[in-house]
Amino acid sequence: MASLSSTSNDSSSSPSSSLHSAGDVQKIKFCQWCGGTTKHDIPDGEERLRAICTTCGKIAYQNPKMVVGCLIEHDNKVLLCKRKIEPSYGLWTLPAGYLEIGESAMEGAIRETREEANADVEVISPFAQLDIPLIGQTYIIFLAKLKKPHFSPGSESSECKLFSLDEIPFSSLSFSSMVVTLNLYVEDMKAGRNPKFHYGTINKRPGTSPSDIDAFTLEDHMQS
């Protein structure tokens with residue numbers, strides 16, 4: 001089990017300049033609506049730099065993406081998938097992916113599980129919400145159980161496997177969000193309690209790759 005002591009609160013590792021750096025607005029050169037060139041300015045009544053079309057005047061707003069997935073319990077084990085795509089090719093992850101327009105977070109988590117592990121699941125409860133401001137992502141992970149004890153690799157996975165708590169490959173996980181989620185789950189289970197709901201902010205170290213699972217701190221952690 002990986003220790004969360006290295007991800008405890010550390011105000012020196014979360015400069016305010018990193019909190020709003022997920023979207024580089026200056027990379028937006030042209031308007032998505034009319035194709036006009038943009039200028040970069042702070043609109044009246046706002047506080048952030050925006051890309052503003054010099055032709056139609058529309059403002060391009062950048063918003064975080066939501067990633068949804070399932071932490072699947074079966075026979076006192078959890079189901080992980082080995083990634084067959086980049087980033088983090090060959091590393092282990094919970095089945096998860098981007099939420100699509102028109103579906104709820106739970107529907108998206110169930111769909112991603114079906115796509116990555118060919119598994120049909122029943123969601124039990126929400127388990128974790130993890131915000132990653134630096135890369136503009138929010139993770140919502142649900143506890144779930146298999147409807148039938150069947151699973152196999154989907155198109156984005158090379159392998160799917162059940163791991164006991166002591167077998168989870170913490171050194172070979174794909175992303176810091178997976179490290180945090182599974183650590184919190186193991187801590188709950190080894191404390192002899194039902195899994196709680198966890199909220200936290202993952203502050204990534206600027207300039208690190210998505211697969212660098214040690215370059216972060218977990219802050220504002222709350223549980224209920």
Enquirer: So do the side chains of Ser158 and Pro153 get within less than 4.5 Å of each other, counting heavy atoms only?
Expert: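 In short, these two side chains do not touch, never coming nearer than 4.5 Å.
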Enquirer: Taking atom CG of Leu94 and atom CE of Met178, what is their separation to the nearest 0.5 Å?
Expert: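 Taking CG in Leu94 and CE in Met178, the distance rounds to 5.0 Å.
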Enquirer: How close do Ser176 and Ile213 get, heavy atom to heavy atom, and via which atoms?
Expert: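 Taking Ser176 first and Ile213 second, the nearest heavy atoms are N-CG2, 4.0 Å.
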Enquirer: Can you see which heavy atom on Arg205 is nearest to which on Asp214, and at what distance?
Expert: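 That closest heavy-atom pairing would be NH2-O, 4.2 Å.
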Enquirer: Identify, with sequence neighbours excluded, every residue that meets side chain to side chain donor-acceptor pair (under 3.5 Å) alongside Ser152.
Expert: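 Scan of Ser152 (side chain to side chain donor-acceptor pair (under 3.5 Å), adjacent residues dropped) gives Asn118.
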Enquirer: Same hydrophobic cluster for Leu162 and Phe127, using side-chain heavy-atom links shorter than 4.5 Å among ILVMFWY?
Expert: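 Per the 4.5 Å side-chain linkage, Leu162 and Phe127 are not co-clustered.
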Enquirer: Only counting residues at least two apart or in another chain, list the ones meeting side chain to side chain contact (heavy atoms under 4.5 Å, CB included) with Gln129.
Expert: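 Side chain to side chain contact (heavy atoms under 4.5 Å, CB included) check on Gln129 returns Asp131, Thr138, Ile140, Phe197, Tyr199.
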Enquirer: What closest approach, in Å, do Ala119 and Leu146 show between heavy atoms, and which atom pair accounts for it?
Expert: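 Shortest heavy-atom contact: CB-CD2, 3.8 Å.
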Enquirer: Over all heavy atoms of both residues, which pair between Ser174 and Thr93 is shortest? Give the atoms and the distance, please.
Expert: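 That would be OG-CB, 3.2 Å.
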Enquirer: Going only through I, L, V, M, F, W and Y residues with side-chain contacts under 4.5 Å, is there a path from Met189 to Leu79?
Expert: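 No: no chain of side-chain contacts under 4.5 Å links Met189 to Leu79.
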Enquirer: With a 4.5 Å cut-off on side-chain heavy-atom distances among I, L, V, M, F, W and Y, is there a chain of contacts connecting Leu91 to Val179?
Expert: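 As far as the 4.5 Å side-chain criterion goes, Val179 and Leu91 are not connected within one cluster.
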Enquirer: Taking the side chain as every heavy atom from C-beta outward, state whether Asn203 and Leu134 have any atom pair closer than 4.5 Å.
Expert: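 No - every pair of side-chain heavy atoms lies 4.5 Å or more apart.
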Enquirer: Give a yes or no on whether Ile124 and Ile110 share a hydrophobic cluster (residues Ile, Leu, Val, Met, Phe, Trp, Tyr; joining criterion: side-chain heavy atoms under 4.5 Å apart).
Expert: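 Not linked; separate clusters.
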Enquirer: Quick one: salt bridge (charged side-chain N to carboxylate O under 4.0 Å, His left out) pairs with a partner in residues 76-103, sequence neighbours left out?
Expert: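 Pairs touching residues 76-103 that pass the test: Lys82-Glu159, Glu103-Arg111.
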Enquirer: Residues two or more places apart in sequence or in another chain: which of them pass side chain to side chain donor-acceptor pair (under 3.5 Å) with Ser224?
Expert: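 For Ser224, no residue satisfies side chain to side chain donor-acceptor pair (under 3.5 Å) once neighbours in sequence are set aside.
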Enquirer: Can Asp188 and Arg193 be counted as an ion pair, charged N to O under 4.0 angstrom?
Expert: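 So Asp188 pairs with Arg193 through a salt bridge.
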Enquirer: Side-chain contact test, heavy atoms from C-beta onward, threshold under 4.5 Å: evaluate it for Leu49 versus Gln26 and give yes or no.
Expert: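 Yes, at least one pair of side-chain atoms sits under 4.5 Å.
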Enquirer: List the steps and the verdict of side chain to side chain contact (heavy atoms under 4.5 Å, CB included) for His198 and His221.
Expert: CA-CA 7 Å; His198 298 267; His221 177 221; 2.9 Å; yes
Enquirer: Which residues pass the salt bridge (charged side-chain N to carboxylate O under 4.0 Å, His left out) test with Glu107, not counting sequence neighbours?
Expert: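 Per chain and number, Glu107 pairs via salt bridge (charged side-chain N to carboxylate O under 4.0 Å, His left out) with no residue.
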Enquirer: State, to 0.1 Å, how close Ser177 and Ile202 come at their nearest heavy-atom pair, and which atoms those are.
Expert: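 That would be CA-CD1, 3.7 Å.
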Enquirer: With sequence neighbours left out, which residue pairs that include part of residues 83-109 fulfil the ring-ring contact (aromatic ring centres under 6.0 Å, His included) condition?
Expert: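 Sorted result for residues 83-109: Trp92-Phe163.
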Enquirer: Name each donor-acceptor pair under 3.5 Å that joins a side chain in residues 33-44 to protein atoms two or more places apart or in another chain, with its distance.
Expert:
from, atom 1, to, atom 2, distance (Å)
Thr37, OG1, Thr54, OG1, 3.1
Thr38, OG1, Ile28, O, 2.7
Thr38, OG1, Lys29, O, 3.2
His40, NE2, Val25, O, 3.2
His40, NE2, Ile28, O, 3.0

Enquirer: Could you tabulate the donor-acceptor pairs under 3.5 Å formed by side-chain atoms of residues 55-74, not counting sequence neighbours?
Expert:
from, atom 1, to, atom 2, distance (Å)
Tyr61, OH, Glu46, OE2, 2.6
Glu73, OE2, Tyr185, OH, 2.7

Enquirer: By side chain to side chain donor-acceptor pair (under 3.5 Å), which residues pair with Gln32, not counting sequence neighbours?
Expert: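 Here no residue qualifies.
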Enquirer: Is there a path of hydrophobic side-chain contacts, each under 4.5 Å between heavy atoms, that joins Val186 and Ile141?
Expert: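 Result: yes, single cluster for both.
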Enquirer: Verify the neighbour count for atom NZ of Lys161: are there more than 12 heavy atoms of other residues, nucleotides or ligands below 6.0 Å?
Expert: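 Check fails, neighbour count at 12 or below.
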Enquirer: Has the side chain of Glu116 got a donor or acceptor atom that lies under 3.5 Å from a matching backbone atom of Thr113?
Expert: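 Checking the backbone N and O of Thr113 against the side chain of Glu116, no donor-acceptor pair under 3.5 Å is found.
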Enquirer: Can you name the nearest heavy-atom pair linking Leu80 to Pro169, along with the distance?
Expert: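 It is CD1-CD, 3.7 Å.
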Enquirer: Side chain of Lys148, backbone of Val121: donor and acceptor closer than 3.5 Å?
Expert: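 Between the backbone of Val121 and the side chain of Lys148 there is no qualifying donor-acceptor contact (under 3.5 Å).
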Enquirer: Mind checking the CG-CG spacing from Leu218 to Asn183? Nearest 0.5 Å is all I need.
Expert: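 Those atoms lie 9.5 Å apart.
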Enquirer: Between Leu130 and Thr181, does the side chain to side chain contact (heavy atoms under 4.5 Å, CB included) criterion hold? Intermediate values first, please.
Expert: CA-CA 8 Å; Leu130 301 170; Thr181 299; 3.3 Å; yes
Enquirer: Going by ring-ring contact (aromatic ring centres under 6.0 Å, His included), name the pairs with one or both residues in residues 132-156, residues two or more places apart or in two chains.
Expert: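 For residues 132-156: none.
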Enquirer: Going by the rule side chain to side chain contact (heavy atoms under 4.5 Å, CB included), which residues pair with Asp120 if we only count those two or more places apart in sequence or in a different chain?
Expert: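 Partners of Asp120 under the side chain to side chain contact (heavy atoms under 4.5 Å, CB included) test: Arg114, Lys147.
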